[in-house]
Amino acid sequence: MKSQWDCLLENLGAWHGSFTRFSPSGELIEDTPSIVSFTGLNDNRTMRQIVRLEPANQPVSEKVLEYSTLGRNILFFENGAFSLGSIQRAPFSEFGAELGLIHGDRRLRLVQLFDKQSQLSGLTLIREKLAESETLERPPLQVEDLIGTWKGEATTIYPDWRSPDTYTTDLKVWRDGDRLNQELQFGRTITTSALIEGTILKFDSGSQIVMLPDGASSNCPTEVKSGYPFVLEVGWLLQPDLRQRLMRSYSHKGEWVSLTLVTEQKIS
C-alpha cells in the first residue's frame with residue numbers, strides 16, 4: 001500500500017478552476033477564479049502549495065505553504081482523493097471539512113461548514129483541471145441522474161492507521177411521485193427516503209443532498225446534533241453510468257472515525 005505522502009503526490013500540478021460559494025439551500029453566492037499548484041521539492045520530500053484567488057474587482061490573493069509531513073486531520077486514498085477537516089466536533093464552535101475527488105486531469109472538492117450553533121452555514125464547490133486539460137465540465141446534477149441500480153467498490157480508511165476495509169455496495173434509487181427512495185446494501189441494508197424540492201433532496205433523517213454544477217452533490221445534515229453519529233459526503237457523476245462518493249464519518253461523540261471512497265457503476 002502506498003504511503004500517505006505518495007498518495008498526496010497524485011495531486012502534483014497546477015489546477016485551474018474556481019471557488020464557488022453556495023448557501024445551504026444551494027443558491028449561488030460568489031464565484032472566484034483560482035489556481036492551486038502543488039510542486040514537489042527535495043526529490044518530492046517537501047511539498048510547496050500555492051493557492052491563488054482572483055476575485056473580480058478585488059486584489060489577487062496568494063497563499064504559499066510548504067510542508068514535509070501531514071497532519072492527523074487529513075487522509076488520502078491511493079488515487080489522490082482526500083479529506084481534510086475537524087477531528088472532533090465541539091459544542092459552540094465552528095466545524096467543517098473538505099472532501100476532494102480526483103479523476104484523470106480533473107479534481108472536484110467540496111467544503112461543508114457549520115456555525116457555532118451546529119447549523120450548516122455554507123458550501124464551497126471547487127472545480128479544477130490541469131492547465132493542459134481539454135476535459136469538459138459535466139452538466140449540473142439532476143434527480144434523474146441518480147435513478148437506477150448502482151454496484152460499487154468501497155474502501156474505508158481510518159485516522160488511527162488500522163488496516164483498510166474493502167467491500168462491495170449495491171444501491172437502488174427510484175422515484176415515487178415527489179419522493180426519492182434509496183436502498184443501500186453493504187453487509188446490511190439501509191433504506192432512506194427524501195422529499196424532492198427542486199435541486200434539494202430533504203431526507204426524513206434531517207440530512208439533505210444539494211445537487212450542484214459539474215455533476216456534483218453535497219450530502220450532510222442541516223444541523224449536527226449532539227449524541228448522534230453523522231456523515232459528510234461529496235458525490236461526483238463522472239459519466240452517466242459512473243459515480244464517485246467520498247464520506248467522512250463521525251461517531252455519536254463527534255469524533256472523526258473513518259473515510260470511505262466508493263466508485264459506483266450504474267448497471268440498470
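Atoms considered below: every heavy atom in the structure, side chains included; atoms not considered: hydrogens, waters and symmetry mates. From a predicted model like this one, the values you see are computed outputs, not experimental measurements.
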Is the distance from the ring center of Phe230 to that of Phe95 below 6.0 Å?
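Yes, the ring centres sit under 6.0 Å apart.
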same_hphob_cluster([X], [Y]) at 4.5 Å side-chain heavy-atom cutoff:
{"X": "Val262", "Y": "Val173", "value": "no"}
{"X": "Leu101", "Y": "Leu130", "value": "no"}
{"X": "Phe19", "Y": "Ile35", "value": "no"}
{"X": "Leu110", "Y": "Leu261", "value": "yes"}
{"X": "Leu238", "Y": "Ile102", "value": "no"}

Indicate yes or no: does [X] engage [Y] in a salt bridge with an N to O separation below 4.0 Å.
{"X": "Arg52", "Y": "Glu62", "result": "yes"}
{"X": "Asp31", "Y": "Arg127", "result": "yes"}
{"X": "Arg138", "Y": "Asp214", "result": "no"}

Say you draw a straight line from [atom1] of [X] to [atom2] of [Y]; how long is it, rounded to the nearest 0.5 Å?
{"X": "Leu184", "Y": "Thr191", "atom1": "CG", "atom2": "OG1", "answer": "9.0 Å"}
{"X": "Leu53", "Y": "Ser61", "atom1": "CG", "atom2": "OG", "answer": "4.0 Å"}
{"X": "Ile74", "Y": "Glu98", "atom1": "CD1", "atom2": "CD", "answer": "7.5 Å"}
{"X": "Phe77", "Y": "Gln4", "atom1": "CZ", "atom2": "CD", "answer": "9.0 Å"}
{"X": "Ser3", "Y": "Leu8", "atom1": "OG", "atom2": "CG", "answer": "9.0 Å"}
{"X": "Thr169", "Y": "Ile190", "atom1": "OG1", "atom2": "CD1", "answer": "11.5 Å"}

For residues [X] and [Y], report the shortest heavy-atom separation together with the two atoms involved.
{"X": "Ile209", "Y": "Ser217", "answer": "CG2-CB, 4.0 Å"}
{"X": "Val257", "Y": "Tyr158", "answer": "O-CD2, 3.3 Å"}
{"X": "Gln112", "Y": "Leu123", "answer": "CG-CD2, 3.7 Å"}
{"X": "Phe22", "Y": "Pro213", "answer": "CZ-CD, 3.7 Å"}
{"X": "Phe76", "Y": "Cys7", "answer": "CB-CB, 3.5 Å"}
{"X": "Leu232", "Y": "Pro221", "answer": "CD2-CD, 4.1 Å"}

Any side-chain donor near an acceptor of the partner, [X] and [Y], under 3.5 Å:
{"X": "Ser83", "Y": "Arg248", "value": "yes"}
{"X": "Ser268", "Y": "Thr149", "value": "yes"}
{"X": "Arg179", "Y": "Ser193", "value": "yes"}
{"X": "Arg89", "Y": "Ser226", "value": "yes"}

Does [X] use its side chain to pair, donor to acceptor, with the backbone of [Y] at less than 3.5 Å?
{"X": "Trp15", "Y": "Asn11", "answer": "yes"}
{"X": "Glu128", "Y": "Arg107", "answer": "no"}
{"X": "Gln208", "Y": "Pro24", "answer": "yes"}
{"X": "Thr260", "Y": "Thr156", "answer": "no"}
{"X": "Arg245", "Y": "Met247", "answer": "no"}
{"X": "Ser251", "Y": "Lys253", "answer": "yes"}
{"X": "Trp5", "Y": "Ser68", "answer": "no"}
{"X": "Ser133", "Y": "Thr135", "answer": "yes"}
{"X": "Asp170", "Y": "Gln185", "answer": "no"}
{"X": "Asp115", "Y": "Ser118", "answer": "yes"}

Is the number of heavy atoms from other residues, nucleotides or ligands under 6.0 Å of [X] [atom1] greater than 12?
{"X": "Tyr67", "atom1": "OH", "answer": "yes"}
{"X": "Arg175", "atom1": "CZ", "answer": "yes"}
{"X": "Glu144", "atom1": "CD", "answer": "yes"}
{"X": "Lys2", "atom1": "NZ", "answer": "yes"}

For Leu212 and Ser218: C-alpha separation, side-chain torsions, deciding distance, then whether side chain to side chain contact (heavy atoms under 4.5 Å, CB included) applies.
CA-CA 8 Å; Leu212 296 167; Ser218 168; 4.2 Å; yes
Step by step, work out the side chain to side chain contact (heavy atoms under 4.5 Å, CB included) result for Leu171 and Gln182.
CA-CA 7 Å; Leu171 175 65; Gln182 296 187 147; 4.2 Å; yes
Minimum side-chain heavy-atom gap [X]-[Y] below 4.5 Å:
{"X": "Met211", "Y": "Asp145", "answer": "no"}
{"X": "Val210", "Y": "Ser25", "answer": "no"}
{"X": "Ile147", "Y": "Leu180", "answer": "yes"}
{"X": "Leu12", "Y": "Met47", "answer": "yes"}
{"X": "Lys129", "Y": "Arg106", "answer": "yes"}
{"X": "Ile29", "Y": "Ser23", "answer": "yes"}
{"X": "Ile126", "Y": "Thr20", "answer": "no"}
{"X": "Asn219", "Y": "Ser207", "answer": "yes"}

Would you check, one step at a time, whether the test salt bridge (charged side-chain N to carboxylate O under 4.0 Å, His left out) holds for Lys266 with Glu264?
CA-CA 7 Å; Lys266 185 185 285 191; Glu264 299 170 317; over 6 Å; no
Leu242/Thr263 under side chain to side chain contact (heavy atoms under 4.5 Å, CB included): CA gap, chis, key distance, verdict:
CA-CA 7 Å; Leu242 178 64; Thr263 301; 3.9 Å; yes
Go through it in stages, so that I can follow the logic: the residues are Leu75 and Trp256, the test is side chain to side chain contact (heavy atoms under 4.5 Å, CB included), and I'd like the CA-CA distance, side-chain angles, deciding distance and then a yes or no.
CA-CA 11 Å; Leu75 280 176; Trp256 177 34; 3.6 Å; yes
